[in-house]
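The analysis underlying the following values was restricted to heavy atoms, covering all of them including side chains, and did not include hydrogens, waters or symmetry mates.
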Amino acid sequence: ETIMVNSNPETVSTDYDTSDKLYFEPLTLEDVLNICEQESENLLGVIVQFGGQTPLNLANGLAEAGVPIIGTSPRSIEIAEDRKLFGAMLDKLGIRQTSGGTAVTEDEAVAVANRVTYPVLVRPSFVLGGRGMMLVHNEADLRKYVRDAIESGTGVSPVTNGGTPNTPGTGETPVSLSPILVDHFLEDATEVDVDCICDGEIAVIGAIMEHIEQAGIHSGDSACVIPPFSLSDAVKQEITRSTKAMARELNVIGLMNVQFAVQNETVYVLEVNPRASRTAPFVSKAIGVPLPKLAAKIMAGGKLKDLGFTKEVVPAHYCVKEAVFPFTKFPGTDIVLGPEMKSTGEVMGIDANLGIAYAKAQMAAQPALPLKGNIFLSVSDADKTKVADIASGFSELGFTLYATSGTAAALEKANVPVKKLFKLSEGRPNALDMLKNGELALIINTPSGKSAREDEVKIRSTASSTRVPVMTTLRAARASLEGIRSMKASGYSVKPLQDWHRQ
């Protein structure tokens with residue numbers, strides 16, 4: 001008999017027949033222990049792998065209360081979550097990780113950042129969905145992050161000199177906090193997600209997923225592709241070797257997710273989650289193997305050999321996962337993606353052609369990519385030298401390009417035809433006017449720092465509310481170009497998922 005505990009009200013309509021029993025209760029230690037007591041007569045064990053970070057955080061408490069945790073042990077979970085233990089494991093296995101450290105005071109955080117060099121990615125440990133995560137470029141912003149985190153309670157808790165929790169607003173200066181992680185941020189790196197299944201003896205790669213957006217954007221918000229489209233064979237082999245080594249070292253029983261960053265052919269481990277990731281359903285659909293079902297059987301004592309899954313399945317087609325965002329429900333909010341997760345769902349596009357698979361995913365996520373019309377470009381100084389070939393590609397496909405002065409100058413220098421528009425503060429016509437008149441089909445706008453932010457937010461939020469696609473990274477803009485090029489060349493067709501799997 002299987003029993004599901006879920007705190008989500010939507011459970012009643014979606015999960016009522018997934019298990020033999022459904023408890024609609026908060027996922028707190030007390031509530032779960034009450035359920036264990038209620039079911040104690042036949043309780044064989046509790047699976048904590050299928051609910052994200054929340055049940056992982058309960059694993060130690062449940063084990064201490066005598067509840068058997070089946071699957072990956074609480075000790076293995078702790079090694080993956082604790083930065084020092086995890087670092088020691090990687091050193092033992094000879095696997096690279098980004099340089100970083102743990103801090104419990106503001107000054108410690110600054111010292112770690114100075115040692116690993118800026119920019120740094122800072123976040124509280126044991127958080128959900130990248131909550132409280134931030135990319136920081138200098139000491140002033142880092143100190144502000146620590147103080148803001150203490151005041152808002154975003155995953156950290158202030159502590160006074162005496163070691164007792166401090167109440168924000170009392171005037172007492174907080175000097176210590178629960179641990180935050182400070183890691184060197186790899187700029188212009190490709191992020192890679194890997195799902196793996198292990199029975200304690202053999203580990204099998206479910207899929208290697210290459211992100212379209214670069215590292216630094218939360219994996220739940222980034223579009224990703226199975227199989228990888230730009231990684232070399234050497235990089236894929238190193239990722240496979242490292243993943244299997246970590247699964248065996250952690251004695252994973254069930255599913256495991258690893259996030260890597262690849263910079264100039266060098267592979268770094270970002271983090272390991274000894275649980276099913278949000279990508280498990282996507283991977284299962286892409287390869288035609290129900291990974292969570294196999295993982296549950298392994299946790300109950302099965303072996304991968306007996307279940308018939310002993311080697312990686314690499315599909316002959318491309319599967320693109322795209323995130324769905326709620327921005328139209330929140331007018332005026334900035335749609336730029338970062339390390340904190342903002343998506344509320346995801347969709348999938350499948351095709352033998354990568355560009356068409358990406359275009360299908362955009363159709364499902366909405367708004368779809370346009371096949372004609374006007375494109376507005378406004379990119380950061382760092383991106384001005386890189387945007388010309390993308391812009392040239394759109395121009396060759398028959399799109400008319402518009403840009404503000406700085407981006408227009410960069411395009412003109414590269415001999416790309418472009419029409420100039422005023423910035424919002426300079427007068428009219430500007431991008432906002434064209435958006436409101438329905439004259440723009442696509443916007444490419446990469447964030448350019450604090451000074452230009454107000455104009456950018458207005459344009460991006462207006463585009464979102466008027467259902468005009470906006471690309472805020474050059475990698476996404478390039479993927480859109482390839483998608484539009486493929487759609488214009490051959491159009492698209494559809495067929496059942498089962499037909500893809502049969503191939």
Side-chain angles (χ1 to χ4, degrees), residues 2-16 18-19 21-39 43 45-83 86 123-133 149 152-157 178-181 193 195 218-221 250 252-259 271-282 291-292 295-296 299 323 339-346:
T2 57
I3 298 164
M4 181 181 284
V5 186
N6 198 329
S7 58
N8 184 351
E10 194 56 31
T11 296
V12 181
S13 65
T14 58
D15 292 347
Y16 65 93
T18 301
S19 54
K21 285 182 186 173
L22 170 67
Y23 279 86
F24 172 45
E25 296 289 346
L27 281 169
T28 67
L29 183 61
E30 183 181 5
D31 286 285
V32 177
L33 286 174
N34 284 342
I35 294 166
C36 292
E37 189 179 349
Q38 176 76 21
E39 301 289 345
L43 182 66
V46 173
I47 292 173
V48 296
Q49 275 189 34
F50 292 139
Q53 188 68 44
T54 305
L56 279 196
N57 290 350
L58 300 179
N60 274 330
L62 290 170
E64 285 166 11
V67 176
I69 304 291
I70 61 173
T72 306
S73 70
R75 175 60 181 163
S76 294
I77 293 168
E78 186 187 357
I79 290 170
E81 298 278 358
D82 184 290
R83 183 45 56 103
F86 182 59
R123 63 197 187 277
S125 5
F126 295 90
V127 294
L128 312 179
R131 184 169 165 264
M133 201 182 284
S152 64
T154 314
V156 300
S157 51
S178 62
I180 62 167
L181 308 177
D193 251 283
D195 276 354
H218 193 281
S219 58
D221 286 353
L250 287 168
V252 168
I253 310 291
L255 282 164
M256 179 180 90
N257 170 264
V258 190
Q259 287 165 28
E271 64 175 300
V272 171
N273 295 303
R275 58 170 169 82
S277 170
R278 69 177 62 76
T279 52
F282 167 57
L291 293 180
M299 285 183 256
E340 192 163 74
M341 185 172 158
K342 296 178 180 177
S343 62
T344 51
E346 56 193 27

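- At least one side-chain heavy atom of Val5 sits less than 4.5 Å from a side-chain heavy atom of Leu27.
- A donor and an acceptor atom, one from each side chain of Asp195 and Thr279, are located under 3.5 Å apart.
- Contact detail for Met299 and Gly71: the closest heavy-atom pair is CG-CA, 3.5 Å.
- Contact annotation: the side chain of Phe24 never approaches that of Asn6 to less than 4.5 Å [non-hydrogen atoms, C-beta and beyond].
- Using a 4.0 Å cut-off between a side-chain N of Lys or Arg and a carboxylate O of Asp or Glu, Arg123 and Glu340 do not qualify as a salt bridge.
- For the 3.5 Å distance criterion, the side chains of Gln38 and Asn34 fail to qualify, holding no donor opposite an acceptor.
- Looking at heavy atoms from C-beta onward, Leu255 lies in side-chain contact with Phe50 at the 4.5 angstrom threshold.
- Here the CD1 atom belonging to Ile70 is positioned 11.0 Å from the CD1 atom belonging to Ile253, to the nearest 0.5 angstrom.
- Across His218 and Gly220, no two heavy atoms sit closer than the pair ND1-N, 2.9 Å.
- Counting all heavy atoms, side chain and backbone alike, Pro26 lies closest to Asp31 at O-CB, 3.3 Å.
- Expressed to the nearest 0.5 Å, how far CG of Asn57 lies from OG1 of Thr28 amounts to 12.5 Å.
- For the pair Glu25 and Glu30, the minimum side-chain heavy-atom distance is 4.5 Å or more.
- For the pair Thr18 and Met4, the minimum side-chain heavy-atom distance is below 4.5 Å.
- Evaluation of the side-chain contact (heavy atoms from CB on, under 4.5 Å) rule for Ile79 yields Arg75, Leu85, Met89, Leu250 as partners, not counting sequence neighbours.
- When atom types are taken as modelled, the side chain of Ser277 and the backbone of Ala280 share no donor-acceptor pair closer than 3.5 angstrom.
- Of the inter-residue distances, the one linking Leu62 atom CG with Cys36 atom SG reads 6.0 Å to the nearest 0.5 angstrom.
- Here the closest non-hydrogen pair linking Ile69 and Pro74 is CG1-CG, 3.9 Å.
- Taking 4.5 Å as the limit, every side-chain heavy atom of Glu81 sits out of range of all side-chain heavy atoms of Glu271.
- Put simply, the side chain of Glu39 reaches to within 4.5 Å of the side chain of Ile3, judged on heavy atoms.
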### Task
Decide yes or no on side chain to side chain contact (heavy atoms under 4.5 Å, CB included) for Leu58 and Val48, but give the supporting numbers first.
CA-CA 8 Å; Leu58 300 179; Val48 296; 5.7 Å; no
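- Residues that satisfy the salt bridge (Lys or Arg N to Asp or Glu O under 4.0 Å) test with Glu37, not counting sequence neighbours, are absent from this structure.
- Side-chain atoms of Val46 and Pro68, non-hydrogen and from C-beta on, never get closer than 4.5 Å to each other.
- With rounding to the nearest 0.5 angstrom, the CE atom of Met341 is 8.0 Å from the OG atom of Ser219.
- Considering all non-hydrogen atoms of both residues, Gly52 and Arg275 come closest at O-CD, 3.4 Å.
- Side-chain contact, Thr72 with Gln49: a donor N or O sits under 3.5 Å from an acceptor N or O.
- The structure places OG1 of Thr2 at 10.5 Å from CG of Leu22, a figure rounded to the nearest 0.5 Å.
- Residues passing the salt bridge (Lys or Arg N to Asp or Glu O under 4.0 Å) test with Glu346 are Lys321, sequence neighbours excluded.
- Separating the CG atom in Asp193 from the CD atom in Gln259 is a distance of 4.5 Å, to the nearest 0.5 Å.
- The minimum heavy-atom distance linking Gly254 with Ala295 is given by the pair CA-CB, 4.1 Å.
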